[in-house]
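Treat the numbers as computed from the prediction; the structure is a model and nothing was measured. So you know, we letter chains A, B, ... as the sequences are listed, proteins then strands, and number each from 1.
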2 protein chains.
Amino acid sequence: MAGVRAAQKEKTRRALIQAAMNQLSAEHGYASLSLREVAREAGIAPTSFYRHFQNMEELGLTLVDEGGLALRQLLRQSRQQIAKGGSIIRASVTTFMEFVANNTAIFRLLLQEKSGNSREFRLAVQREVEHFTAELVDYLVDEQDFERSLAELQADAIVRIVFSVGADALDASAAERHELLETTISQVRIVARGAAVTRTLAKSAKS
Amino acid sequence: MAGVRAAQKEKTRRALIQAAMNQLSAEHGYASLSLREVAREAGIAPTSFYRHFQNMEELGLTLVDEGGLALRQLLRQSRQQIAKGGSIIRASVTTFMEFVANNTAIFRLLLQEKSGNSREFRLAVQREVEHFTAELVDYLVDEQDFERSLAELQADAIVRIVFSVGADALDASAAERHELLETTISQVRIVARGAAVTRTLAKSAKS
DNA sequence: GAATTGCGTGCACAAGCGTTCACTGACATA
DNA sequence: TATGTCAGTGAACGCTTGTGCACGCAATTC
């Protein structure tokens, strides 16, 4: 039966992905990542790299996909926990900040490639952020009865703020991160209040 | 008298800076900028580079400084528009978007190095953004009578949103940019409304 | 007019890069 | 058991990179 071979290949593939992750840091970004170094860290010959990815770009896009997926799963999870009561805003922002703290390398990659030099990368990251926003829009429409257009404005603003804070959190100490967290929660609440007011304004204009 | 020699040196220095700017584009960022290519574009031998900068990093920091200068010019310009009346929000956001459209290379550099791989670069950009926020805080305190703490929350949120939109505007067509502009104005108004509500909430809690 | 300074140069080097190629040998298939 | 597939290999290629060095030559200083 097939299996031993395929399993080994997958294992090497994971090793490459992991090696790339390890080499990403605050000082050493994806742009300055070399095929040879990644292969060396993964414990294979440089030429073997091509058995798994056509390019470094293909590896990079895989990293972006996996990062986005992990982030979304985490937030969905945290929103489910919230179903049983508590502040959705606090829970979501907290979860997000924890993700940033625990997955620094991935988040930094997403952030850098968001305004990076490969159009394909930029689009990939943008897609992840849009997924992210879309889930928040759905929540606002379904659970809070917002009009879709206003929900989109609100969600987009919130996501922009939160991602921007995430960027600052990368360089921050634990204490600073906690302060950022509280600040951000207040800011998201301001946006939520603003949207609520805007809704009542729109309603009274209609009648 | 001295002068001819120094003038020539300054001219070459400008040529290097300009060459570096020219090489910055959507596809080719600072990280993948090579000393030899910059020297080639500036029309000098690679080794002559060292007569002007010790490193590529030193050149890069010079670029960031110049970018920050341009950004501050934007601020001044924006303040002038406000002085002659009209919607402060619309005027500010419009001015910002125009800056992004007209200084693409510089804004992209600031954006990339904001979450880039050199700590020194990151701090330099962060300083520029903080200038930007501080101006807005002062406006909110002086002209709109906000408490300083609430003004800071509000200004920080607005700047985060606007910079994030600026990033998206880099890739956008003129039509898309216009749509982004209107969206952003709505979002900033939502934040402003939210802050206003928050202020009255705080006041009623006091009494 | 002679001496000094310093920008720009051409050559050279070692190191690193991505990628090609023909290959080996363990696993899969029939 | 014979045959085919394919992940991994090591040598070799043509490049580009940053940087050291000694030098020329024009502007400056004395």
Using a cut-off of 4.0 Å on non-hydrogen atoms, how would the nucleic acid contact of A:E37 be classed: base, sugar-phosphate, or nothing?
-> sugar-phosphate
Note: A:D171-A:R177 ion pair, threshold 4.0 Å (strictly below) = no
Round to the nearest Å and state the distance from B:Q8 atom CD to C:dT9 atom P.
-> 10 Å
Are B:L109 and B:E113 side-chain neighbours, meaning at least one heavy-atom pair lies under 4.5 Å?
-> yes
Do A:E66 and A:T62 come within less than 4.5 Å of each other through their side chains, counting heavy atoms only?
-> yes
Distance in angstrom units between A:R51 CZ and C:dT24 C1', rounded = 11 Å
Could you check whether A:R13 gets within reach of a base, just the sugar-phosphate, or nothing at all, counting any heavy atom under 4.0 Å?
-> nothing
Establish whether the base of D:dC6 is bridged to the side chain of A:R5 by a donor-acceptor pair shorter than 3.5 Å.
-> yes
So which nucleotide from C:dT19, C:dG10, C:dC27 ends up closest to the side chain of A:V4?
-> C:dC27
Ignoring backbone atoms, establish whether A:S48 has a side-chain N or O less than 4.0 Å from OP1 or OP2 of D:dT9.
-> yes
Would you kindly give the NE2-to-C1' distance between A:H52 and D:dC6, to the nearest whole Å?
-> 11 Å
With a non-hydrogen cut-off below 4.0 angstrom, is A:S34 in contact with a base, only sugar-phosphate, or nothing?
-> sugar-phosphate
Does the ring centre of B:Y139 sit less than 6.0 Å away from the ring centre of B:F146?
-> no
Using the ring of each side chain (for Trp, its six-membered ring), is B:F121 parallel, tilted or perpendicular to B:Y30, with breaks at 30° and 60°?
-> tilted
For B:L35 and C:dG8, give me the distance from atom CG to atom P, rounded to whole Å.
-> 14 Å
Do B:T12 side-chain and C:dG8 base share a donor-acceptor contact under 3.5 Å?
-> no
Within this structure, what is the CD1-to-P distance between B:I44 and D:dC25, rounded to whole angstrom?
-> 19 Å
Identify, between A:R36 and A:F49, the residue whose nearest nucleotide on DNA chain D lies closer to the 5' end.
-> A:F49
Integer-rounded Å distance: D:dT17 P and B:M56 CE | 11 Å
Whole-Å gap separating P (C:dC7) and CG (B:L16) | 13 Å
Interatomic distance, A:K9 NZ vs D:dC6 C1' [rounded to whole Å] | 8 Å
Does B:R40 place a side-chain N or O at less than 4.0 Å from the phosphate oxygens OP1/OP2 of D:dT17?
-> yes
